Amino acid sequence: MTDEQARPMRVLIVEDEPLIAFEVEQTLTDAGFAVVGVAARVEEALAIVEGGALDAAVVDANLNRVSAAPIAIALTQSGLPFIVTTGYTREQLPEGFQAGTLIEKPCLPEQIVEALHAALQIKREPGPQM
């Protein structure tokens, strides 16, 4: 087992509703993930992404009526998998969210855990180099 496989996967939560953020954080922690931050604003989330100490993110597409697209773009550019939680369909989302796994709200925190496991499994498998 490598060091990366031994340590918990580090996840950023981007959510503007405190109760939802708390519930997701508790669920992820209980599932063995390490939550590296909870951000309610685009600027906060971007600072954490730019810090580079994470493996994946859970991103609410709309943060108090502000699009989280800049976060999704930064995650995509960093090669980090992310889950998008939203009430919108993929077609209704602004550009930038295409690389994320979409989970429609309302959703159960367990759905987020399952989606993160799937996204991180794909990340761990070696793929073709571009």
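Remember, predicted model here, so these are calculated numbers, not experimental data.
Rounded to the nearest 0.5 angstrom, Ile13 CD1 and Ile112 CD1 are separated by 8.0 Å. Summarising the geometry, atom OG1 belonging to Thr27 is positioned 11.5 Å from atom CD belonging to Gln111; distances are rounded to the nearest 0.5 Å. Atom CG of residue Leu80 and atom CZ of residue Arg10 lie 9.0 Å apart, to the nearest 0.5 angstrom. To the nearest 0.5 Å, atoms CD (Glu23) and CG (Leu28) are separated by 10.5 Å. Atom CG of Leu120 is separated from atom CD1 of Ile83 by 8.0 Å, given to the nearest 0.5 angstrom. Interatomic distance, Thr86 OG1 to Asp60 CG, rounded to the nearest 0.5 Å: 7.0 Å.
The two residues Ala45 and Ile71 have their closest heavy-atom pair at CB-CD1, 3.5 Å. Considering all non-hydrogen atoms of both residues, Ala69 and Phe97 come closest at N-CZ, 3.4 Å. When all heavy atoms are compared, the tightest approach of Ala21 to Val38 is CB-CG1, 3.7 Å. Here the closest non-hydrogen pair linking Gly100 and Val84 is CA-CG2, 4.2 Å. Nearest heavy-atom pair, Val42 versus Ala68, reported as atom, atom and distance to 0.1 Å: CG2-CA, 4.4 Å. Closest non-hydrogen pair, Leu63 versus Ala40, comes out as CB-O, 3.9 Å.
Looking at Thr76, Val14, Leu54 one by one, the single match for side chain to side chain contact (heavy atoms under 4.5 Å, CB included) with Phe82 turns out to be Thr76.
No side-chain heavy atom of Thr101 sits less than 4.5 Å from a side-chain heavy atom of Pro81. The closest side-chain heavy-atom distance from Val11 to Val58 is below 4.5 Å.
When the side-chain hydrogen bond (donor to acceptor under 3.5 Å, both in side chains) test is applied to Glu25, no partner is found at least two apart in sequence or on another chain. Annotation: side-chain hydrogen bond (donor to acceptor under 3.5 Å, both in side chains) contacts of Glu110 (sequence neighbours excluded): none. Glu17 is linked by a salt bridge (Lys or Arg N to Asp or Glu O under 4.0 Å) to nothing, counting only residues two or more places apart in sequence or in another chain.
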Candidate pair Asn62 and Ser67, rule side chain to side chain contact (heavy atoms under 4.5 Å, CB included), full reasoning: CA-CA 5 Å; Asn62 185 346; Ser67 173; over 6 Å; no
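Ile103 and Leu116 fall within the same hydrophobic cluster, defined by Ile, Leu, Val, Met, Phe, Trp and Tyr side-chain heavy atoms under 4.5 Å apart, directly or through other members. If you chain together hydrophobic residues whose side chains sit under 4.5 Å apart, Tyr88 and Val59 fall into the same group. Connection of Val66 to Leu46 is established within a shared hydrophobic cluster, with ILVMFWY side chains joined at heavy-atom distances below 4.5 Å, either directly or through further cluster members. A single hydrophobic cluster is not seen to contain both Val36 and Phe22; linkage of ILVMFWY side chains at heavy-atom distances under 4.5 Å, directly or through other members, places them apart.
Under the 4.0 Å criterion applied to side-chain N and carboxylate O atoms, Asp16 and Arg65 are not assigned as salt-bridge partners. A salt bridge links Lys105 with Glu15; the closest basic N to acidic carboxylate O contact falls under 4.0 Å.
Using modelled atom types, one side-chain atom of Glu44 and one backbone atom of Arg41 make a donor-acceptor pair closer than 3.5 Å.
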